Amino acid sequence: MALLRAVFSSLLFSSAFALVQDLDDTFKDSRMEDVWLVDFYAPWCGYCKKLEPIWLEVGAELTRSGSPVRVGKMDATAYSGVASEFGVRGYPTIKLLKGEMAYNYKGPRTKDDIIEFANRVAGPAVRSLPSRKMFEHVLKRHSVLFVYVGSESPLKEKYIEVASELIVYTYFFSASEDVLPESVALHELPSVVVFKDGTYFTYDEYEDGSLSSWVNRERFQSYLPIDGFTLYELGETGKLVAIAITDEKDPAERSSRLKGLIQRAATEHRDQFNRDFQFGHMDGNDYINSLIMGEVSVPSIIVLNTSNEQYFVPPEPVEDLEQLLRFFSSVLDGSAPAFGGDGIFQRIKRVAYDARSTIMSVFRSSPLLGCFLFGLPLGVISLMCYGICTAESDDDTELMKRDGFTDEEEEGEEDEQQQLTAGAEGDEDDDGEKIEQKSPTEKKSSFPSIAEVTINERLELVQSLEVTGSLEVTGHWRSRVSAAGSHRVLESLLLLLLLFICSLRHYLGRQALLESSLYV
C-alpha cells in the first residue's frame, strides 16, 4: 500500500512538472501564439526556490480549470538576453505575456493570488454584465468594482484604454443602465462608476482629472488592512498613507479607538481627505520600523509619503477625532514637521542601516556562520597588515645595524658630527689662503695637495654622517610606528578571537537547548 502511494505521488509530481514548461531562447519567437504566465528565476535565489512548489501548483490548477494561460519558467541567468528584453531586473519576476503586452505581477506569491491575476489579465480588458443578477453576483465577489454605463462613446474608448493598462490591479466591467439597482441614480450618461464601501461614486472629468489617475486613486477601499505588499501598491496611487499601528494579538482599548478614529476620518470626511489620503491599519510595527529606520510605539498613528520616503507623526497622542483631523490638515498645508526623506544623508543612513540589519540577522540566525563570514576576511586582512608592519620594522633594524648606529650612540655621533663640521670649515679657510700664495707653476700642477685631500675626505665624511643620521632618525621613527601598529593589530585579533569564542558558545548553547527540547 505504501509503495502504491509513493508511486501515485511521484506520478502526480512528474505530471505537475510537465504542466510547467522549461523555456529557452526560442520562446520569444513563438510566444505570440498563446497567453503565457512566466516565472523568470535564478538557480541560486532562495525566494525562487520557495516559489517553485507554488508555481507547480499554479500550473496544475490552471490546466485543470481549462484556462487558456500556459505556464512556464525560464532561467534568467542562462538566457539573460531574453530576460533583459522583458525587463527582468530581479528574481523571481512573474510576468503575464499577452500579445505585445507584458504585465508584471506584484502581489503576494500565493497560489490563489497568482491564479486570480492570471485569469483576470488573460481575459478581456472590459467584461460585460448582461443582467442585474450577474451584476449582484460580481458585486459580492469584488470589494471594488468599476463599471462603464452607457453606449458607445469617446469616454468608453478611453475607459477601455485605461482598463488595458490597469487590469493588473482590478476588474473592469460595462453594463446598461437597466442592469444597475434602482438605488443607483446617474445624472448623465455615459458615466464611469466605482462601487465600494457599500456605496458608489461617479467620475467627474472636471473635478477628478484624467480617468486613469481617478481609477488609480479609487482602486482601493477607503479603509483596509495594510501589509508590505499593500503598502507598496498604495504608494503607486500617489496618496499619503495614514496608518493606525496596532497589535492584533494584544487588542487594547486604545488600539480599537485609534482604528475607529481612522475609519471615521475615511468615511465621514471622504470629501475632504479622500483625494490625498489612503487610510488603514497595520498589525505590528516591525515593517514600519525598518521603513523609517526608527522606532514607532504601539498603538500609534503615522502618515507615510512613499514617493519621497518622508513620514509624519502627531506631536502628541491622539485622543479624539477633531485632534486627528487637525493633524491631517497640518500635513496637507505643510505645517506638520516631516521626518526622513530621500536626501543624501538619508541614503547613507539607509545603506548603513541595511548593512547593520543584515549582519545582525546573520548573527542572530547562525552566530557560527556569521563569525566565519565576517571574521575570516577580517582575520586575513589583520594578518596581512601585521606582516607588512613587522617586515618594515625588520628592514629598518638591519639597515641600522649595517651602518653601525644604535640608540646609545646617537648623542655621541651628533657631537662628533658638529665638531668635524666646524673643523672642516676652519681648515678650508686656511688652505684657501695658502693656495692664493702659490705660484702659477704650482697652480698648474695636476697632483692635489695633502691639504686638499684632507678637506675632501672630511667633507665626504660629514655628508655621510648627515645621510646616515637621517636614516637613523627615520628608521627609529618607523620602528616605533610599526610597533604601535603591531600592537593594535594584535588587539584586533584578540577581540576577534573573543567574539568568535562567545558566538561559538552561544551557538553550542542553542544547539544543546534544541536537542534537549527534542527529548522532552
Side-chain angles (χ1 to χ4, degrees), residues 35 67-69 96 98-103 107 116-224 233-234 236-239 266-278:
V35 179
S67 173
V69 180
L96 189 135
K98 179 182 176 183
E100 297 291 341
M101 301 295 294
Y103 299 93
E116 196 271 339
F117 164 81
N119 290 329
R120 180 175 71 247
V121 180
V126 178
R127 292 168 167 83
S128 177
L129 297 175
S131 63
R132 181 172 297 182
K133 184 176 181 180
M134 179 64 69
F135 172 82
E136 294 175 352
H137 173 73
V138 171
L139 187 60
K140 291 179 181 179
R141 292 186 57 189
H142 303 284
S143 57
V144 178
L145 189 68
F146 289 95
V147 181
Y148 171 83
V149 184
S151 57
E152 299 294 329
S153 68
L155 180 60
K156 185 173 184 179
E157 294 178 1
K158 188 180 298 183
Y159 180 76
I160 295 174
E161 181 182 347
V162 172
S164 301
E165 176 188 356
L166 301 179
I167 195 173
V168 293
Y169 301 119
T170 186
Y171 284 93
F172 294 87
F173 298 90
S174 65
S176 59
E177 187 177 12
D178 57 350
V179 170
L180 303 180
E182 296 178 357
S183 59
V184 178
L186 300 179
H187 299 291
E188 61 178 0
L189 294 177
S191 294
V192 178
V193 187
V194 58
F195 294 87
K196 66 176 186 178
D197 302 329
T199 183
Y200 66 94
F201 307 96
T202 306
Y203 166 68
D204 189 334
E205 183 177 3
Y206 297 101
E207 294 183 1
D208 300 320
S210 67
L211 179 61
S212 177
S213 61
W214 179 78
V215 170
N216 193 37
R217 291 196 305 268
E218 296 291 342
R219 60 188 175 90
F220 291 100
Q221 296 174 277
S222 299
Y223 179 88
L224 73 163
E233 292 189 3
L234 289 174
E236 296 182 350
T237 64
K239 291 184 177 182
T267 55
E268 298 177 9
H269 300 270
R270 170 186 166 84
D271 295 339
Q272 183 179 359
F273 297 111
N274 178 71
R275 188 180 183 88
D276 301 297
F277 282 94
Q278 176 65 53

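Treat the numbers as computed from the prediction; the structure is a model and nothing was measured. All values below were derived from every heavy atom in this structure, side-chain atoms included, with hydrogens, water molecules and symmetry-related copies excluded. Numbers here simply count residues along the sequence, with the first being 1.
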Let me have the donor-acceptor pairs involving side chains of residues 138-149, under 3.5 Å, with sequence neighbours excluded, atom names and distances please.
from, atom 1, to, atom 2, distance (Å)
Tyr148, OH, Ser151, O, 2.5
Tyr148, OH, Ser153, OG, 2.7

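- Contact annotation: the side chain of Lys196 approaches that of Phe201 to within less than 4.5 Å [non-hydrogen atoms, C-beta and beyond].
- Using cut-offs of 30° and 60° for the angle between ring planes, the Phe173 and Tyr171 rings count as parallel.
- When atom types are taken as modelled, the side chain of Gln278 and the backbone of Ser222 share a donor-acceptor pair closer than 3.5 angstrom.
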*Dump the intermediate steps for side chain to side chain contact (heavy atoms under 4.5 Å, CB included) on Leu186 and Thr202, then the final yes or no.*
CA-CA 8 Å; Leu186 300 179; Thr202 306; 4.1 Å; yes

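- Among all heavy-atom pairs drawn from Ala122 and Val69, the shortest one is CB-CG2, 3.4 Å.
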*Are Arg132 and Glu182 close enough, and set up right, to give a side chain to side chain contact (heavy atoms under 4.5 Å, CB included), and what steps lead you there?*
CA-CA 10 Å; Arg132 181 172 297 182; Glu182 296 178 357; 4.0 Å; yes

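- Between Leu155 and Val192, some side-chain heavy-atom pair lies under the 4.5 Å cut-off.
- No more than 12 heavy atoms of other residues, nucleotides or ligands lie within 6.0 Å of CD in Glu161, so this atom counts as exposed by the packing criterion.
- Taking the side chain as every heavy atom from C-beta outward, Arg217 and Asn274 never approach each other to under 4.5 Å.
- The aromatic rings of Tyr200 and Phe195 lie tilted to each other, with the angle between the two planes from 30° to 60°.
- Note that OH of Tyr103 is 5.5 Å distant from OG of Ser164, once rounded to the nearest 0.5 Å.
- Among all heavy-atom pairs drawn from Ser128 and Pro130, the shortest one is O-CD, 3.5 Å.
- Of all heavy-atom pairs between Val121 and Val168, the closest is CG2-CA, 4.1 Å.
- For the pairing with Arg219, the side chain to side chain contact (heavy atoms under 4.5 Å, CB included) check across Leu166, Val194, Thr237 returns one residue only, Thr237.
- The residues Glu218 and Arg270 are annotated as salt-bridged, a charged nitrogen and a carboxylate oxygen being separated by less than 4.0 angstrom.
- Within the 4.5 Å cutoff, the side chain of Ser174 has heavy atoms near those of the Val126 side chain.
- A donor-acceptor pair under 3.5 Å links the side-chain atoms of Asp204 to the main chain of Tyr206, judged by distance alone.
- If you take OH on Tyr159 and CG on Leu211, they are separated by 8.5 Å, rounding to the nearest 0.5 Å.
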